[in-house]
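Shown next, in structure tokens, is the structure this report addresses.
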Amino acid sequence: MQRQDTYDHAAIESKWQERWADADVYRTSDDATDPSYVLAMFPYPSGDLHMGHVRNYTITDAYARYQRLQGEDVLHPMGWDSFGLPAENAAIEREINPREWTMDCIDTMKTQMQSMGFGYDWNREITTCEPDYYRWNQWLFKRFYEEGLAERKGGEVNWCPSCETVLADEQVEGEAELCWRCGTPVESRTLDQWFLTITDYADELLDGIDELDEWPDSVRGMQRNWIGRQEGTTVEFEVPEFGGIEVFTTRLDTIYGATFFALAPGHELTQELIADDPELATQVETLDPDADGDEKRGVFTGEYAINPATGEEIPVYVADFVLSDVGTGALMGVPGHDQRDHEFATEYDIDIEQVVAPADGEVEIDEEAYTGDGVLVDSGEYDGIESAAARDRLVADLDTAANHTQYRLRDWLISRQRYWGTPIPVVHCDECGPVMVPDEELPVELPEFVPTPTGNPLEEVDSFVETECPECGGPAERETDTMDTFMDSSWYFLRFTSPDSEDVPFDTERANDWMPVDEYVGGIEHAIMHLLYSRFVTRAIGDMELLDVREPFEHYLPQGMVQLDGTAMSSSKGNVVSPVEIMDEYGADTARLFVMGAARPSKDFDWTERGVRSSNEFIERLLGMVEAFAADETTTTDAGERPIDEYVAREIDATIDEASAGYENFRFNDALREARGLVSLLRRYREQATPDEHTFERGLHTAVRLFAPVTPHVTEECWTALGEDGFVAAADWPEAAHDADHEAERQLVANTREDVRHILDVANIEEPAAIEVVVAPEWKHRALDVAIASDEDVVGSVMADEELRERGEAAADYAKDLAERHQSLTEALTPAAEFAALERATWLFEREFDAEIRLERASDAPDDVARTATPGRPAIEIHEG
RNA sequence: GCAGGGAUAGCCAAGUCAGGUCAACGGCGCAGCGUUCAGGGCGCUGUCUCGUAGGAGUUCGCAGGUUCGAAUCCUGCUCCCUGCACCA
């Protein structure tokens, strides 16, 4: 099992990479008008490229290249999402600073990207950890603040009491929630932090989802879910001596069945109650809001709330299933009509009352809650009213009730108590409170990194912290929180339009022309947060009148995973295939071809050595065939009219159509299959006959360009070998010359070959001497047309035609046949087209069956043979030797 | 529980939106033949059942329905995946 010598991919690939760079092939001019904006999610620079990157970036690169070949201006930029916790951790581990580590990683990844042949406009490279990028985070933060979209309020953080530091969610490990560094159980603390009030845009972001018809349904569903809009009612329950406590409910119609009242452990009233009652406090301590829902536990407070509908007193519990951040943190318990309340009531022996009856049928309310709508019962004056109507009337009748829309979406907490991020441009002054840093003092730059065992390194840098108040000039302290890195990535696609702008984050006019991103490709893990924040920021910027576009991404494609034996590659499982090694062994083109050919972009697929090898061998054969042709391998110039030449010419056109459609619809695997088919056809052409020079050359020129988006290096090599001067990357996409019904012709040939095989098999003919193929007579085509056109009486219509009537019995028989299949009749090729298509394909029959092929018109064939021919189905007579 | 997606021949997987040319593209695996051929590569073919002339039968998760006609449309059910979830 020896491997054949393969082509010198290393030399070819680096040669063309240099030439592209020298010629600035992938540069997008600022003057471009509405270029096709193709964007892959920019990576976090973690060191080496992995297969996920390779797939992601090959998809956008191939599409961008295809667009360029189509003559479009293309914007295909790349950058680095380079702030974030891993750099800080790596820095501490390696005793270097995060910046150095990050820049090293960027260098490595950039080199690897260039080795992969990705055609980016590196003039537009963005690095978010550079002051010239993050100053605009600060600038935007200030605009948000001015618009009332940034506010400071209490937020929960993870706190390690031993390290005395705040932890990010990913630094809290396991179910037990232990600090990643010292293993101490993590606590929760409330700190004053900065929020962007994305909830102000909740309705708009939700409604906008309807317009995103080029996004996958799954992602749209996830976003809807995340926003979680819910229409309901707020209403107060009076707790004597403590006042009205507000609850939120979507089922106000069940209020007569509210037999208990429940508070979250963190609710204000709970706090008030336990402050005066140490025993209650101890009991509440035992409740665990994080416990999963199997068992509902609660503590009776001794207080009673008054049901505003019934006027009855109901017991007030503190219960672990009531969450502080859902609704108002308090709820009315309706055991009869809510399964969760039902379980709680059963556990604590609380009354279960039915106040809604289903329209039909009975329910056993003691066994299970009835959660559907219905007709009210035992609800005083509301008896007999439908649920929906009852809700409306109760809102109107109850003093404290009001319609209210609730969201699951929370405001976006952007404060991070970390070093490696954008400093929030705020100064805290004892006199003036939090004050924004003036624009002219931006950027607030990060100081040198000082590793600290505890807390936020920024707090330890006195020269950073100590400053004066921009308002009063008095001593003040800088904000030491930095921004969530999602801030960086929520507008970077705008910055790509004018990455060097020094006075504005982006050029409004150009962004209006170039946005939205036409094709956005990246991992599904960003389906919610990154995309939602980007949508929010884009809208907010729009409302600052800096942009006219409201949705940043027109088409979003989450690419599938590259797996090994059905499992996702991951370094923790140790089942990764290194792109660098693949590039070394097989070259970038092979990796790209395999990844793109294996499956459509949205599907997962398995990495296989076999597939890689076969991609590599294919590339080698393509190059070999082109080089053999270039070396003046025998072709002829005085053919060109033979059926076989025509056949190949037509197939070239058919392939162009199919492959173009594949690229257009992101079905690269289909496009590549077609293109490979063409190469295989050219090989057989060369085997069968001395190829016509023009046809063969056009075939090669076409094939090379069809592969150019996916295997850019080797196709440049081919292009040059074919005598072309420029880059194939800048060539024109091939155009189909004939405007024919390729589909029908291909079908006819395939069916006829299939039929011959079938007959040979069934009739057990080993070595046919001659195969007679007879196309249907003109009049049968005519009869078919008449039959298709006729509404009812097919036989009548056909026989009404004078010319057909002359055919007598034969016409009548065929008419009956047509009548039977009347509904499913479809138009056939014309007799001439049918004959020509088969004539062109004769060589395939000869090649396969090794027999003489006699293609005839019905008029030239014996009647008993011609008889069975119908449009689209020639008669076949096989003669044995 | 809610939301979204899915179930196709040995395996992977198209087709479903716009019903008929669908026994159902393609790939893998397996088998045969060819190639002055090393069992490799390449080319060709076969791979639901029956059939000595292109035919017939039974198939596209299960059960019904609509239609002249359903893998495709509708209803119900079962199972799988993904996201969210003690969400009031």
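Only heavy atoms go into these numbers, but all of them, side chains included; no hydrogens, no water, no symmetry mates. Within every chain, numbering begins at 1; the chains are lettered A, B, ... in the order of the sequence lines, protein sequences first and strands thereafter.
- For B:G10 and B:G1, the C1' atoms lie 38 Å apart once the distance is rounded to whole Å.
- Under the rule for a ring pair (Phe, Tyr, Trp, His ring centres under 6.0 Å), the partners of A:Y533 that lie at least two apart in sequence or sit in another chain are A:W412, A:F486.
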With B for base contact, S for sugar-phosphate-only contact and - for none (protein heavy atoms under 4.0 Å), nucleotides 20-29 of chain B reads B-S--BS-SS
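- In this structure, A:R746 reaches neither bases nor backbone, as no heavy-atom distance under 4.0 Å exists between it and the strands shown.
- Considering only residues two or more places apart in sequence or on other chains, A:H781 meets the ring pair (Phe, Tyr, Trp, His ring centres under 6.0 Å) condition with none of them.
- In this view, A:F344 and A:F260, A:Y317, A:F321, A:Y348 satisfy the ring pair (Phe, Tyr, Trp, His ring centres under 6.0 Å) rule, not counting sequence neighbours.
- Residue contacts shown for A:R410 are absent, as no nucleic acid heavy atom lies under 4.0 Å away.
- Among the heavy atoms of the strands, none lies under 4.0 Å from A:T752.
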Mind listing the N/O atom pairs, protein and nucleotides 79-83 of chain B, below 3.5 Å?
residue	atom	partner	partner atom	Å
B:G83	N2	A:N225	ND2	3.0

Pull out every protein N or O sitting under 3.5 Å from an N or O of nucleotides 5-10 of chain B, one pair per line with the distance.
residue	atom	partner	partner atom	Å
B:G5	OP1	A:D217	OD2	3.2

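- The side chain to side chain contact (heavy atoms under 4.5 Å, CB included) test applied to A:T405 returns A:R229, A:E231, A:Y407, not counting sequence neighbours.
- Every residue two or more places apart in sequence or in another chain that forms a ring pair (Phe, Tyr, Trp, His ring centres under 6.0 Å) with A:H404 is listed here: A:F248.
- Every residue two or more places apart in sequence or in another chain that forms a side chain to side chain contact (heavy atoms under 4.5 Å, CB included) with A:A402 is listed here: A:T234.
- By the side chain to side chain contact (heavy atoms under 4.5 Å, CB included) test, A:R847 is found to be paired with A:R684, A:E687, A:Q688, A:W843, residues two or more places apart in sequence or in another chain being considered.
- Considering only residues two or more places apart in sequence or on other chains, A:E367 meets the side chain to side chain contact (heavy atoms under 4.5 Å, CB included) condition with A:E364.
- Taking a pair as Watson-Crick or G-U wobble with both distances under 3.5 Å, the runs of three or more consecutive pairs in RNA chain B are B:1-7 with B:78-84, B:10-12 with B:26-28, B:29-35 with B:41-47, B:48-50 with B:55-57, B:61-65 with B:73-77.
- As judged by a 4.0 angstrom heavy-atom cut-off over every strand, A:P874 is placed among the base-contacting residues.
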